[in-house]
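One-based numbering, in listed order, for ligands and for the atoms of each. Heads up: numbering here begins at 1 and tracks the sequence.
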Amino acid sequence: MKVLVATEKPFAAVAVNGIREAVEKGGLELALLEKYTEKAQLLDAVKDADAIIIRSDKVDAEVLDAAKQLKIVVRAGAGYDNVDLEAATAHNVCVMNTPGQNSNAVAELALGLMVYGARNLYNGTSGTELKGKKLGIHAYGNVGRNVARIAKGFGMEIYAYDAFCPSEVIEADGVKPVASAEELYKTCQYISLHIPATKETKNSIGHALLSSMPKGAVLINTARKEVINEPELVKVLEERPDFKYLTDIMPGNHAELAEKFAARYFSTPKKMGAQTAEANINAGIAAANQIVDFLKNGNRKFQVNK
Ligand code: NAD
């Protein structure tokens, strides 16, 4: 059976070696489609694939139609909004992600953005410290937990809201659970966003929540740009000269934000939260191991289209 690694942006060589080792040890064959530039190349490569490992690559109904033997797609990473889950289910294809493998990398970047914000984007002026400030973690999943762990070292007072994670789990980490997103934003000067982009969360971070934040508000986004209501974010930045927005996902209105709010807005040039050697290797190898375990033992633990 053939496992295809289809990556517009390839894995590091050391990760590919680890993937190959895991795949071959499982008695499977590895095929590589790296740095492809046309969708047609992907459509051709998936024809005889039983399993596919992807990164931010799009797997839509057309790709699934072309992949007649496909049984499983694994997104090496956490967010899987690049895969059409309904179409995959209709094609009887199992979709998985590799949760937790890049969480520390993203969390470290979130804290880095917080320091950058507190020190006025390193512009040479006197800033503030994170110690003693209230941090609100919006969604207490794999990344959120790592943010809490690191922020404790900075001496921050940490709160969290998660729609599904029980408050006892949050409390057990020495973090204060709150009952709603509204309460979190009202309470915390710093908010670090870790919600996935879903029907419920898209465009959900807007004027009502952001304008309720305390003085000196800083919003850190290492989640997805789709969760932000961009026109309403502009309104908040216009109304509140104390509000800062720092993101790892360049917004649709980046040019407007960069021009109007240069001193209080920053975006990484491209999403780089998970771009560390460690995360790359961990996620790629985890994807390969999950495929072997699924094809040999039927393990569906990380399936996301249940
Ligand atoms: P995760 O699945 O471990 O955690 C997500 C958490 O969100 C879960 O605890 C879930 O209960 C909670 N949640 C879901 N819907 C919610 C809602 N409506 N309100 C409140 N909480 C809700 O995911 P993770 O690994 O922590 O990653 C979080 C997000 O970060 C991903 O979905 C992805 O979009 C993004 N991400 C970005 C990068 C990057 O490079 N910047 C890398 C990895 C992940």
Side-chain angles (χ1 to χ4, degrees), residues 9 11 54-57 74-83 85 95-114 136-151 159-173 175 177-185 188 191-206 209 219-229 245-251 266-280 282-284 286-287 301-306:
K9 278 190 276 166
F11 285 105
I54 53 165
R55 298 184 71 201
S56 296
D57 309 78
V74 182
R75 149 71 161 133
Y80 44 83
D81 43 334
N82 47 325
V83 181
L85 295 187
V95 182
M96 294 187 188
N97 64 349
T98 60
Q101 302 295 333
N102 56 21
S103 316
N104 182 65
V106 182
E108 286 188 12
L109 188 87
L111 265 295
L113 290 172
M114 270 180 239
I137 299 180
H138 192 169
Y140 203 68
N142 286 295
V143 178
R145 277 165 222 197
N146 276 285
V147 168
R149 174 180 53 78
I150 303 168
Y159 297 75
Y161 168 68
D162 191 294
F164 306 102
C165 178
S167 43
E168 307 84 69
V169 172
I170 297 174
E171 257 163 357
D173 287 349
V175 173
V178 298
S180 64
E182 285 72 20
E183 194 181 336
L184 191 76
Y185 284 68
C188 299
I191 293 284
S192 192
L193 263 177
H194 305 292
I195 42 175
T198 62
K199 269 183 216 149
E200 293 74 37
T201 62
K202 279 185 184 165
N203 277 314
S204 66
I205 310 302
L209 286 176
L219 176 67
I220 306 291
N221 183 6
T222 56
R224 284 286 182 269
K225 69 175 176 167
E226 289 81 3
V227 301
I228 304 283
N229 182 321
Y245 180 56
L246 295 95
T247 180
D248 184 36
I249 304 94
M250 192 174 277
F266 170 77
S267 170
T268 53
K270 62 175 193 169
K271 189 154 72 75
M272 55 182 283
Q275 301 300 324
T276 65
E278 293 86 345
N280 201 259
N282 294 347
K301 182 169 174 202
F302 298 108
Q303 183 168 3
V304 292
N305 62 332
K306 281 177 183 152

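In summary, the atoms of ligand 1 found under 4.0 Å from a heavy atom of Ala139, numbered by their order in the structure, are 6 (C), 7 (O), 12 (C), 21 (N). Ligand-side atoms of ligand 1 in range of Tyr140: 9 (O), range being under 4.0 angstrom from any heavy atom. Each of the following atoms of ligand 1 lies closer than 4.0 Å to a heavy atom of Asp248: 39 (C), 40 (O), 41 (N). Close approach of ligand 1 to Lys271 is summarised as follows: ligand atoms under 4.0 Å from at least one heavy atom of the residue are 39 (C), 40 (O), 41 (N).
The nearest protein atom to atom 4 (O) of ligand 1, hydrogens excluded, is given as Gly141 CA, 3.3 Å; this is a heavy-atom distance. Of all protein heavy atoms, the one closest to atom 18 (N) of ligand 1 is Thr201 CG2, 3.4 Å. At the shortest separation from atom 1 (P) of ligand 1 among protein heavy atoms lies Asn142 N, 4.0 Å. The nearest heavy-atom contact from the protein to atom 15 (N) of ligand 1 is Phe164 CE1, 3.5 Å. Looking from atom 35 (C) of ligand 1 to the surrounding protein, the closest heavy atom is Ala223 O, 3.5 Å. When only non-hydrogen protein atoms are considered, atom 6 (C) of ligand 1 lies nearest to Asp162 OD2, 3.7 Å. Protein heavy atom nearest atom 17 (C) of ligand 1, with residue, atom name and distance: Ala163 CB, 3.7 Å.
Proximity of atom 9 (O) of ligand 1 to the protein is indicated by at least one non-hydrogen atom lying closer than 4.0 angstrom. Protein heavy atoms all stay at least 4.0 Å away from atom 23 (O) of ligand 1.
The shortest N/O to N/O separation between Thr222 and ligand 1 falls below 3.5 Å. When only interatomic distances are considered, the shortest N/O to N/O separation between His138 and ligand 1 does not fall below 3.5 Å. The N/O atoms of Gly100, backbone and side chain alike, include none that comes under 3.5 Å of an N/O atom in ligand 1. Every N/O-N/O distance between Gly79 and ligand 1 stays at or above 3.5 Å.
Using a 4.0 Å cut-off between heavy atoms, Thr198 makes no contact with ligand 1 at all. At a heavy-atom distance under 4.0 Å, only side-chain atoms of Arg224, from C-beta outward, approach ligand 1. Counting heavy atoms closer than 4.0 Å to ligand 1, residue Ala78 contributes side-chain atoms (C-beta onward) but none from N, CA, C or O. Within the 4.0 Å heavy-atom criterion, the part of Val106 lying near ligand 1 is the side chain and not the backbone. Under 4.0 Å from ligand 1, heavy atoms of Val143 appear from its side chain as well as its backbone.
Residue Gly77 places no heavy atom under 4.0 Å from ligand 1. In this structure, Glu200 falls outside the shell of residues with a heavy atom less than 4.0 angstrom from ligand 1.
Heavy atoms of other residues, nucleotides or ligands lying less than 6.0 angstrom from NZ of Lys270 number 12 at most. At most 12 heavy atoms of other shown residues, nucleotides or ligands fall within 6.0 angstrom of atom OH in Tyr80.
One option in Lys270, Gln275, His194 has a heavy atom closer to atom 29 (C) of ligand 1 than any other, and that option is His194. Closest heavy-atom approach to atom 14 (C) of ligand 1 among the candidates Ala105, Ala107, Pro196: Pro196. Taking only non-hydrogen atoms, the option from Cys165, Ala274, Ala197 nearest to atom 40 (O) of ligand 1 is Ala274.
Listed for the Asn82 side chain is a donor-acceptor partner under 3.5 Å among the backbone atoms of Asp57. The closest donor-acceptor contact from the side chain of Asn221 to the backbone of Arg224 lies under 3.5 Å.
There is a side-chain donor-acceptor pair under 3.5 Å between Thr198 and Thr201. A donor-acceptor pair shorter than 3.5 Å can be found between the side chains of Thr268 and Asp248.
Within the 4.5 Å cutoff, the side chain of Arg75 has heavy atoms near those of the Arg55 side chain. In this structure the side chain of Thr98 never reaches within 4.5 angstrom of the side chain of Phe302, judged on heavy atoms.
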